[in-house]
Amino acid sequence: MSASPKVNDDVIATPIICSPDVRYTPDHLTLTPIHRRRKCINPIRFANPFMNCRSMSTEGTNKDTNITDKLEQSKCPSTGEPLQTPAGLLFHYDSILNPHTMSLHDDDEFDGKRNDELDYLLPKDEGNLTEVVKPPKSDFFIPQVKLNEGDGSGRKRVLVLCTGGTLTMAPNPEKDGALSPVPGALTDFMKSMLELTNDKMPDVVVHEYTPLLDSSDMGPSDWALLAKDIKANYLHFDGFVILMGTDTMAYTATALSFMLENLGKPVVFTGSQVPIAQPHSDARHNLIMALIFASRDVPICEVTIFFHDRLIRACRSSKVNTGALLAFNSPNIPPLATVGISIDENSHLILPPARGVLRVHTKMDTRLLALRLVPGFDDQILRHTVRAGAESGSLRALVLQLYGTGNAPSVKEDLVNCLKEATELGILVIAATQCHQGSVMMGHYATGKALERAGVVSSNDMTLEATSCKVAYLMGRGDLSRDEIGKLMCISMRGEVTHNDALPPPPFSSAYQRASRKGRHYY
């Protein structure tokens with residue numbers, strides 16, 4: 001066999017499946033076996049995950065050994081100790097086919113093709129900050145043909161990443177009838193969707209993580225996994241749809257909007273309020289519209305959330321209702337698009353195209369605390385928290401949800417002194433509002449002036465989700481000081497905050513002040 005071509009370190013290598021019997025484990029970072037093969041019928045091809053074995057090789061192991069040797073050394077897929085590996089999706093090179101091809105996938109057909117030629121296809125561990133420079137030249141990367149070429153249909157390709165949530169749930173007899181995720185339910189459901197055979201719909205690849213998670217169990221490590229999987233497959237799909245639970249969807253989608261810098265393709269989050277197994281479920285509509293927004297000819301290249309009848313910017317979103325189908329809204333800007341008989345876009349709100357290559361940031365520094373003030377709270381609790389956090393290094397930022405436009409009790413000098421002490425100890429203190437709609441306007445009232453003098457930074461009209469994720473992203477970069485992070489909080493990076501000049505004028509402002517701000521939009 002001829003030598004395998006080398007892949008440059010700055011090229012994202014999208015891998016392919018090496019064994020149909022390997023799936024993710026609960027921590028998403030371990031290889032363990034399963035004992036059931038899955039046969040797929042188009043139009044949906046089930047993408048089996050496999051993971052990178054390169055960077056975790058033990059000391060003294062030859063890095064040039066093929067993937068079979070690495071699997072044997074890792075005792076996987078045997079019952080021995082699993083191999084810890086970085087995240088990354090691997091697909092079989094035949095995992096995308098035309099939806100009109102309704103043929104069974106025979107796993108045994110590919111048994112002899114999996115191991116010998118795949119070592120050089122494993123993705124590189126490129127650290128926190130990576131760039132997509134050019135697509136790889138290997139014919140083994142999926143899809144085998146360039147996007148929108150090859151079959152004459154001009155179909156787009158969309159990768160669906162399913163983490164779990166209400167959409168995948170059904171009553172579980174083992175848990176007293178409580179709802180729990182059902183593995184494979186989404187894949188089976190999408191195979192029966194006749195809408196996906198329409199020529200206007202994209203080709204779809206579905207990947208279900210194992211195990212499926214409730215969104216309440218998802219955190220920064222899961223956000224990083226999604227970002228890495230999008231990066232690994234960025235060059236081979238026109239868009240991405242992420243299915244998850246609704247409870248923390250706003251946090252996850254907001255975090256990914258910061259992680260994916262210079263995003264040039266749509267990433268659409270969606271889910272459902274009613275499980276997909278129920279006849280009145282909203283899952284079908286949400287899923288179809290998410291696929292449409294991810295594959296439009298003129299796409300909205302942002303991280304967004306589609307729910308019910310509207311597409312909203314992820315970093316402007318909040319979950320506003322637990323019992324209605326319209327579960328999400330963006331309180332301070334209108335939706336990017338609304339769906340009725342037609343799709344109506346607010347084109348003036350859509351961000352301009354990215355000017356650089358995709359850069360993926362996966363480190364989020366979550367040493368922050370969000371507190372909601374209530375009348376009569378004890379200042380000493382906050383003081384002890386600040387001192388203990390500063391001494392142990394476990395607290396770098398404090399987000400305070402204050403009253404109204406960012407006001408705190410003016411008669412409580414101990415509170416102002418506590419916040420001043422926090423800033424002197426190196427903790428970034430950020431003022432947010434408890435109101436669902438509106439903005440922090442520090443300096444317009446005497447109490448706000450006192451906080452401003454104490455070094456408190458305004459979050460303007462950002463949601464709590466955006467404020468928390470933005471400060472975690474900025475601290476996680478590692479190249480910014482506290483003062484620099486404070487200045488960036490009011491500067492729009494992904495459309496998450498309104499520019500100061502576009503905020504409503506202060507109370508009792510002059511006619512000139514009101515006129516100078518009229519009609520200004522900085523979204």
Side-chain angles (χ1 to χ4, degrees), residues 132 156-161 202 223 226-227 229-231 233-235 237-244 248-271 286-287 289-319 328-339 343-362 364 461-463 465-470 473-474 488 491-499 502 521-523:
V132 175
K156 299 294 185 72
R157 292 187 175 92
V158 174
L159 175 61
V160 177
L161 302 175
W223 306 341
L226 291 171
D229 289 343
I230 290 175
K231 181 192 80 169
N233 296 278
Y234 184 77
L235 297 176
F237 291 91
D238 295 283
F240 302 86
V241 172
I242 299 177
L243 306 179
M244 64 172 294
T248 62
M249 183 185 293
Y251 286 95
T252 304
T254 300
L256 255 70
S257 68
F258 290 111
M259 289 179 168
L260 302 175
E261 182 183 354
N262 292 330
L263 182 64
K265 297 183 179 182
V267 176
V268 186
F269 279 76
T270 193
N286 290 345
L287 179 56
M289 290 309 306
L291 291 172
I292 290 175
F293 277 111
S295 59
R296 299 181 74 195
D297 290 334
V298 184
I300 298 175
C301 298
E302 302 183 31
V303 181
T304 57
I305 294 177
F306 179 83
F307 230 88
H308 189 50
D309 66 345
R310 61 196 59 187
L311 184 77
I312 58 181
R313 179 170 295 149
C315 54
R316 288 282 196 163
S317 65
S318 289
K319 185 174 181 180
F328 290 87
N329 206 350
S330 52
N332 287 313
I333 67 167
L336 300 181
T338 53
V339 176
I343 297 177
D344 298 322
E345 290 186 357
N346 289 316
S347 55
H348 65 286
L349 300 178
I350 299 172
L351 296 178
R355 296 184 179 181
V357 297
L358 176 71
R359 297 167 67 88
V360 180
H361 308 261
T362 57
M364 301 283 280
D461 63 344
M462 282 191 290
T463 62
E465 295 90 339
T467 303
S468 303
C469 291
K470 183 175 183 177
Y473 157 71
L474 292 175
L488 287 172
I491 297 177
S492 177
M493 304 179 70
R494 308 288 191 269
E496 75 282 356
V497 63
T498 304
H499 193 277
H521 298 283
Y522 297 87
Y523 298 127

task = For residues Leu311 and Pro335, determine if any side-chain heavy atom of one lies less than 4.5 Å from a side-chain heavy atom of the other.
result = no

task = Report yes if the side chains of Met493 and Leu474 come closer than 4.5 Å at any heavy-atom pair, otherwise no.
result = yes

message = Using the rule given for side chain to side chain contact (heavy atoms under 4.5 Å, CB included), can you reason through Asp461 versus Val497, listing the C-alpha separation, both sets of side-chain angles and the distance that settles it, and then say yes or no?
response = CA-CA 6 Å; Asp461 63 344; Val497 63; 3.5 Å; yes

ask   = Are the side chain of Glu302 and the backbone N or O of Ile300 linked by a donor-acceptor pair below 3.5 Å?
value = no

Criterion side chain to side chain contact (heavy atoms under 4.5 Å, CB included) on Ile242 and Ile230, from CA distance to verdict = CA-CA 10 Å; Ile242 299 177; Ile230 290 175; 4.0 Å; yes

ask   = Hey, would you say the Tyr473 and His361 ring centroids sit under 6.0 Å apart?
value = yes

ask   = What do the steps show when you test Leu226 against Met259 for side chain to side chain contact (heavy atoms under 4.5 Å, CB included), and what is the final call?
value = CA-CA 10 Å; Leu226 291 171; Met259 289 179 168; over 6 Å; no

query = Can you check side chain to side chain donor-acceptor pair (under 3.5 Å) on Arg316 and Thr498, steps first, answer last?
reply = CA-CA 10 Å; Arg316 288 282 196 163; Thr498 304; 3.0 Å; yes

request  = Only counting residues at least two apart or in another chain, list the ones meeting ring-ring contact (aromatic ring centres under 6.0 Å, His included) with Phe293.
outcome  = Phe306

inquiry  = For the CD atom of Glu496 and the CD1 atom of Ile333, what is their distance to the nearest 0.5 Å?
reply    = 10.5 Å

request  = Search all heavy atoms of Ala250 against all heavy atoms of Phe328 and return the closest pair with its distance.
outcome  = N-CE2, 4.0 Å

task = Please report the closest heavy-atom contact between Thr254 and Ala466, naming both atoms and the distance.
result = CG2-CA, 3.6 Å

query = How far does CG of Leu263 sit from OH of Tyr234, to the nearest 0.5 angstrom?
reply = 5.0 Å

task = Name all residues meeting the side-chain hydrogen bond (donor to acceptor under 3.5 Å, both in side chains) criterion together with Ser318; count only those two or more places apart in sequence or in a different chain, and write none if there are none.
result = Glu465

message = On a heavy-atom basis, which atom in Arg494 and which in Ser257 lie closest, and how many Å separate them?
response = NE-O, 2.7 Å

request  = Return the minimal non-hydrogen interatomic distance between Gly356 and Asn262, and the atom names on each side.
outcome  = O-CB, 3.6 Å

task = Report the residues that fulfil side-chain hydrogen bond (donor to acceptor under 3.5 Å, both in side chains) with Ser317, sequence neighbours left out, ordered by chain and then residue number.
result = none

key: Partners meeting side-chain hydrogen bond (donor to acceptor under 3.5 Å, both in side chains) with Arg296 (sequence neighbours left out)   = Glu345

OG1 on Thr252 to CD1 on Ile305, rounded to 0.5 Å = 8.5 Å

message = Contact between Pro266 and Thr304 at the side-chain level, heavy atoms closer than 4.5 Å - yes or no?
response = no

Residue pair Thr467 / Met462: nearest heavy atoms and the distance that separates them = OG1-CB, 3.5 Å

message = What I'd like to find out is whether the side chain of Arg310 reaches to under 4.5 Å of the side chain of Asn329, using heavy atoms alone.
response = yes

query = Any idea which heavy atoms bring Cys469 and Tyr251 closest together, and the distance?
reply = SG-O, 3.5 Å

key: Validation row: Val158, Phe237 side chains within 4.5 angstrom (heavy atoms)   = no

remark   = One should read off an interatomic distance between Lys231 NZ and Thr362 OG1, to the nearest 0.5 angstrom, of 7.5 Å

query = Who are the side chain to side chain contact (heavy atoms under 4.5 Å, CB included) partners of Ala290, not counting sequence neighbours?
reply = Val241, Val268, Thr270

ask   = Asp238 side chain to Arg157 main-chain N or O, any donor-acceptor pair under 3.5 Å?
value = yes

query = Between Lys265 and Phe240, is NZ or CZ placed under 6.0 angstrom from the six-membered ring centre and within 45° of the ring axis?
reply = no

task = Can you sort out the partners of Asp344 under side chain to side chain contact (heavy atoms under 4.5 Å, CB included), two or more places apart, ordered by chain and number?
result = Thr338, Ser342

message = Could you check whether any side-chain N or O of Lys470 sits under 3.5 Å from a backbone N or O of Leu488, counting only pairs where one atom can act as donor and the other as acceptor?
response = yes

task = Please tell me if the side chains of Leu161 and Met244 come closer than 4.5 Å, counting only heavy atoms from C-beta onward.
result = no

task = Apply side chain to side chain contact (heavy atoms under 4.5 Å, CB included) to Met289 and Ile292, showing your working.
result = CA-CA 5 Å; Met289 290 309 306; Ile292 290 175; 3.9 Å; yes

